[in-house]
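Just below is one structure, and these are the notes that go with it.
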Protein chains: 2
Amino acid sequence: MPTLAFFCRGSRIIVQMRASVPITVDGLKSACSQCNLVELCLPFGMSNAELCRLDELVGARRKVKRQNNLYRAGDPFEAIYAIRAGSFKTDVLLEDGREQVTGFQMTGEILGLDGISTEAHTCNSVALEDSEVCVIAYDKLEQMSHEVEGLQLQFHKVMSREIVRDHGVMMLLGSMRAEERLAAFLLNMSQRFTARGFSPSEFNLRMTREEIGSYLGLKLETVSRAFSRFQEDGLISVQQKHVQLLDPAGLKRLIQHQHGAR
Amino acid sequence: MPTLAFFCRGSRIIVQMRASVPITVDGLKSACSQCNLVELCLPFGMSNAELCRLDELVGARRKVKRQNNLYRAGDPFEAIYAIRAGSFKTDVLLEDGREQVTGFQMTGEILGLDGISTEAHTCNSVALEDSEVCVIAYDKLEQMSHEVEGLQLQFHKVMSREIVRDHGVMMLLGSMRAEERLAAFLLNMSQRFTARGFSPSEFNLRMTREEIGSYLGLKLETVSRAFSRFQEDGLISVQQKHVQLLDPAGLKRLIQHQHGAR
DNA sequence: TTTGTTGGTTGACGTGGGTCAACGGGCGTA
DNA sequence: TACGCCCGTTGACCCACGTCAACCAACAAA
């Protein structure tokens, strides 16, 4: 067995190992105190002391291959997940097969909150690329929330943020036109890439046109046409999944002044 | 000052008073342990002992007249609210004036959860009729969640339920046709009225066609036409805000088999 | 290299629901 | 009891987006 010694924030991570078998990252315990996603994730705003307590909470990491499910609707709810690497989509399915993508998640974001209410997951979570998550056992989270001051507040904020995000999507679906929806989507992606230290104006989408369409309540052809239209108008440059925002302000304007919207 | 003596669940409520001034309900402290909405509201599933602790948490009640705001987008977040009587809508506004109704709330449901994330409300909450809410100071809730076992779990479930509900609305807005949306809306209302001890098949809507339309991502004319269509087809009987579900199974069928939906 | 498969683009056409407009009934106010 | 306003209904028309179909590019497997 390897000997692992973690030290908290401020000092460097030191991992000493005397391993007779190769170490798989799978079995490695995650350490929030050492994670560079701290600013984006559950631990945001917590003190160093609290962060070290968090290290106890976060269990093993789990890898999820592209197209595989992290969980499925109906699975018993046991843990929530923090995305350490990669990205996911969540969707709900109707009996007749219709799919609605309810969100796309990136590093540092939390998955599985929907499961708390009924103690079973109510949507499917699928990796859009080979990804890795930190597993946070829910009963431990409940327990530790009683003890660690900042954890409870942060967790509430994460849930509340999800509710606010959902309201934004409702706005999008309920009262915007196709091109407005796509513009809002692109700006949102840009903003989230920026928060992760990537370029605000150039990125690779991880999802297909069909998935974007499902999320935005549009058919994939409409999404494709809107992309082309934006390119013609010099707002963006697209090539397959690679997108460059040439005129973010123009995209914003598109959303604000409805051109005779519903 | 009136002398008030409350006893916990199981015994009857006793209120002794020697009042020189008329008692206004406004000033009265709410007692969860005495409230008949316990099964629907935050305290659901908590023990009697825990319920009595909750009585400390829930502050004064507040009356909100029809069309008045309980809170507005931008207001500093200080409390969440449990609806004791009446009903509300929540909506978000775009700069250009477009409105999206994000939900309708009934007795026992919790308002204001959106405010936790940014410490300011992000939507408007408007009473659809003269209503009354219990004010639950958020800092006190945080505090008491550390102490009362069941409260934290229940609160998390309430938030999670809101997220699940929002996903349902996304499904509705993103992949259902006008008549399916209205059918889903009516069945949802029926189910919630039932949970409150009212008839599953006959009720009065509190919101206008325009508000329903905004919620469902439709124009009021479309809502009106769908109502008329359902009536022609013998599914419901409508007269203004009074609705009777004549064939709930038929409404369900409408949702499941899409008639060439998007 | 070829071939198959999946994802994306584009065109032609159809339609669900938005728009505009007229009208009528319920309800609150005087 | 009458007035006025909001709310709801209905019809005629139109357009944004869905549908159907052809085609092409990227990428993986052979």
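In what follows, chains carry the letters A, B, and so on, assigned in the order in which the sequence lines appear, proteins first and then strands, with residues in each chain numbered from 1.
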(message) Please determine whether a side-chain nitrogen of the Lys or Arg among A:Glu39 and A:Arg196 lies less than 4.0 Å from a carboxylate oxygen of the Asp or Glu.
(response) no
Atom CZ of A:Arg98 and atom C1' of D:dG18 are separated, to the nearest Å, by 14 Å
Taken to the nearest whole Å, CD/B:Gln67 to C1'/D:dC6 is 11 Å
The reported gap from CG in B:Asp166 to OG1 in B:Thr102 (rounded to nearest 0.5 angstrom) is 7.5 Å
Contacts satisfying ring pair (Phe, Tyr, Trp, His ring centres under 6.0 Å) that involve residues 200-239 of chain A (not counting sequence neighbours) are A:Phe104-A:Tyr215, A:Phe193-A:Phe203
Rounded to 10°, the helix from C:dT1-D:dA30 to C:dA30-D:dT1 deviates from straight, judged by its five-pair end axes, by 50°
Atom CG of A:Leu218 and atom P of D:dT19 are separated, to the nearest Å, by 12 Å
Residues of residues 220-244 of chain B with a heavy atom under 4.0 Å from any atom of DNA chain D, listed by number, are B:Leu220, B:Glu221, B:Ser224, B:Arg225, B:Ser228, B:Gln240, B:Lys241
When rounded to whole Å, the CD to P distance for the pair A:Glu180 and C:dG18 reads 14 Å
Less than 3.5 Å apart, which donor and acceptor atoms pair up between the side chains of residues 231-251 of chain B and the rest of the protein, not counting sequence neighbours?
| from | atom 1 | to | atom 2 | distance (Å) |
| --- | --- | --- | --- | --- |
| B:Gln231 | OE1 | B:Val238 | N | 2.8 |
| B:His242 | ND1 | B:Asn204 | OD1 | 3.4 |
| B:His242 | NE2 | B:Glu202 | OE2 | 3.0 |
| B:Asp247 | OD1 | B:Gly250 | N | 2.8 |

Looking only at D:dC17, C:dT9, D:dT19, the nucleotide nearest the A:Arg209 side chain is C:dT9
*Cut-off 3.5 Å, side chains only: do B:Gln105 and B:Thr90 have a donor facing an acceptor?*
yes
Atom CD of A:Glu210 and atom P of D:dT19 are separated, to the nearest Å, by 12 Å
Whole-Å distance, A:Arg66 CZ to D:dA28 C1', equals 12 Å
Rounded to whole Å, the CG-C1' distance (B:Leu216 to C:dG17) equals 13 Å
- Flag the pair B:Glu211 and B:Lys89 as a salt bridge only when some basic side-chain nitrogen lies within less than 4.0 angstrom of an acidic carboxylate oxygen. yes
When rounded to whole Å, the CD1 to C1' distance for the pair A:Ile212 and D:dC17 reads 17 Å
Sequence neighbours excluded, the answer for salt bridge (Lys or Arg N to Asp or Glu O under 4.0 Å) partners of A:Arg225 is none
Residues B:Ser214 and B:Gln100: side-chain donor-acceptor under 3.5 angstrom
no
Sorted by chain and residue number, the salt bridge (Lys or Arg N to Asp or Glu O under 4.0 Å) partners of A:Glu129 (sequence neighbours excluded) come out as A:Arg206
